[in-house]
A.B. asks: 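Below is a structure I'd like to ask you about.
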Protein chains: 2
Amino acid sequence: MNTVTRSGLRERKKQRTRDALLRVALELFTTQGYEDTTVDEIAEGVDVSQRTFFRYFAGKEDAAFAVQEIAHTQFVAAVRERPLDEAPLEALRNAVLEGWDTIGEAVEQVVPIDLYLRMCRLTEATPALLAAHLRRNDEVAEEVARVIAEREGLDVDTDPRPRVAVAVFAGVIRVMERLWGANEGLGLPELRALTATYLDAVGPVLAEKWRTE
Amino acid sequence: MNTVTRSGLRERKKQRTRDALLRVALELFTTQGYEDTTVDEIAEGVDVSQRTFFRYFAGKEDAAFAVQEIAHTQFVAAVRERPLDEAPLEALRNAVLEGWDTIGEAVEQVVPIDLYLRMCRLTEATPALLAAHLRRNDEVAEEVARVIAEREGLDVDTDPRPRVAVAVFAGVIRVMERLWGANEGLGLPELRALTATYLDAVGPVLAEKWRTE
DNA sequence: AGGCTAATGACAGCCACTGACAATTGACAA
DNA sequence: TTGTCAATTGTCAGTGGCTGTCATTAGCCT
């Protein structure tokens, strides 16, 4: 005769194991490098078998991006909730800037924010991780393109504009990521500012001539 | 001392081995899938040891992109040789369109062009390959950004415009790649036309409002 | 308490990839 | 032509990511 514990002991235990694996994984990745960290080390650090690690994560890579996925989910949701009177690129811009403001608390519920930022840097510096990151970005772009198309009442497979708009936007974000990865010690506020600066650069880029003399 | 004698028996033999490995690899990839093809199978198909395969290619992935790299190299070269009076995006556009016209002969010297096109489709459909492809694109983008910056006499680390321009361009190309991958049976001419169409869509995308009613 | 089921560990095996060393084979000069 | 040198290759052993299988453990429910 137990009060209906919505979250059984089982569920809580699973959650704790997953969190522990994630934290240990990111900690090891960021301190000794992604390639130089074995799954056995991670599992050992949480005192579970290697097999258990693979029951929680599809692979090493999956653990590396578990936190990033929070950011992606949040961004897509933000785009969905933008007022309909905003133009597409305006909505994307506002959504990403809003994201920089709220990402902190969202991430902090799983791992320290500092760990997340270090992981981002590592991604930029590790070829295998960068490749995976770009592919995930590509998937998010497709999802966002569908959202934009729906906002504008367009068919994403007929009208090229939604996908092109998102591609342009994603490209600029990517440039910003690269820049951030290259410069040591830029925090979230600087990131926000950089994003705005780079998005503002899109207009001038399309001008015919850049040279003034 | 003859400097011309690049054609030692040794050199020719090596070249033949490499070509054979490449052809067999792509043939197997495109017929039975990338993941379902083992390096042992490829090596066996050329009658060399697995170890030898890894002496010619850094990995399975490397073989999959050996041909694509020809296209990349050619594109970068084309951008470099564009007349200086063309605006940045104009130069990129012309370079890529010119690339579609000449890619055929360049590729055909190594593998049948049809094999290359099938490989491109496979890349789009195989997550691991798509990730690697996007990373390589990213590298090319950085290289091209430096070329554009030099053309315009700008410092690529100070002025955001070269990288942003290339990112916008690369984004549009990516959208086109995805579209091409989704539609069966589009050949090179259609690809060329699609590229032009999508590049033309960039301007309208930046307009404030898309909805006309 | 005892049966049911989900979570785990232990083990075997596949595949990509690497280092080391010995065998082979083209290149080149005596 | 032959012997020496260096490049190419094969063999073998080993590491690490990842999966299937099966027995064991541990939460849950009556």
A.B. asks: Less than 4.0 angstrom from a charged side-chain N to a carboxylate O is my criterion; do A:Arg121 and A:Glu124 meet it?
C.D. replies: no
A.B. asks: According to a strict under-4.0 Å criterion, is B:Lys13 in side-chain N/O contact with OP1 or OP2 of C:dG26?
C.D. replies: yes
A.B. asks: Tell me which residues in residues 25-40 of chain A put a heavy atom below 4.0 Å from DNA chain D, sorted by number, or none.
C.D. replies: A:Thr37, A:Thr38, A:Val39
A.B. asks: Among residues at least two apart in sequence or on other chains, which ones pass salt bridge (charged side-chain N to carboxylate O under 4.0 Å, His left out) with B:Arg18?
C.D. replies: none
A.B. asks: Hey, could you give me each pair passing salt bridge (charged side-chain N to carboxylate O under 4.0 Å, His left out) that has a residue in residues 33-53 of chain B? Not counting sequence neighbours.
C.D. replies: none
A.B. asks: Could you pull out all residues at least two apart from A:Thr73 that satisfy side chain to side chain donor-acceptor pair (under 3.5 Å)?
C.D. replies: none
A.B. asks: Short of 4.0 Å, heavy atom to strand atom, which residues of residues 44-57 of chain A count as contacting DNA chain D?
C.D. replies: A:Gln50, A:Arg51, A:Phe54, A:Arg55
A.B. asks: What nitrogen or oxygen pairs link the protein and nucleotides 4-7 of chain D at under 3.5 Å?
C.D. replies:
from	atom 1	to	atom 2	distance (Å)
D:dA7	N3	B:Arg10	NH2	3.3

A.B. asks: Quick one: salt bridge (charged side-chain N to carboxylate O under 4.0 Å, His left out) partners of B:Glu69, sequence neighbours excluded?
C.D. replies: B:Arg136
A.B. asks: With a 4.5 Å limit on heavy-atom distance, are the side chains of A:Met119 and A:Leu115 in contact?
C.D. replies: no
A.B. asks: From CZ of A:Arg18 over to P of C:dA7, roughly how many Å is that when rounded to an integer?
C.D. replies: 14 Å
A.B. asks: Take the C1' atoms of the five end pairs on each side of the helix from C:dA1-D:dT30 to C:dA30-D:dT1, derive the two axes, and give their angle rounded to 10 degrees.
C.D. replies: 0°
A.B. asks: Applying side-chain contact (heavy atoms from CB on, under 4.5 Å), name anything that partners A:Glu108, two or more places apart in sequence or on another chain.
C.D. replies: A:Pro112, A:Ile113
A.B. asks: Could you pull out all donor-acceptor pairs under 3.5 Å where a side-chain atom in residues 161-173 of chain A meets a protein atom, sequence neighbours excluded?
C.D. replies:
from	atom 1	to	atom 2	distance (Å)
A:Arg161	NE	A:Asp159	OD1	3.1
A:Arg161	NE	A:Asp159	OD2	3.2
A:Arg161	NH2	A:Asp159	OD2	2.8
A:Arg163	NE	A:Glu142	OE1	2.9
A:Arg163	NH1	A:Val156	O	3.2
A:Arg163	NH2	A:Glu142	OE2	2.9
A:Arg163	NH2	A:Asp157	OD1	3.4

A.B. asks: So, using side chain to side chain donor-acceptor pair (under 3.5 Å) as the criterion, who are the partners of B:Thr126 when residues are at least two apart?
C.D. replies: none
A.B. asks: Name every donor-acceptor pair, under 3.5 Å, that has one atom in a side chain of residues 180-191 of chain B and the other anywhere in the protein, sequence neighbours excluded.
C.D. replies:
from	atom 1	to	atom 2	distance (Å)
B:Trp180	NE1	B:Leu186	O	2.8
B:Glu190	OE1	B:Gly187	N	3.0

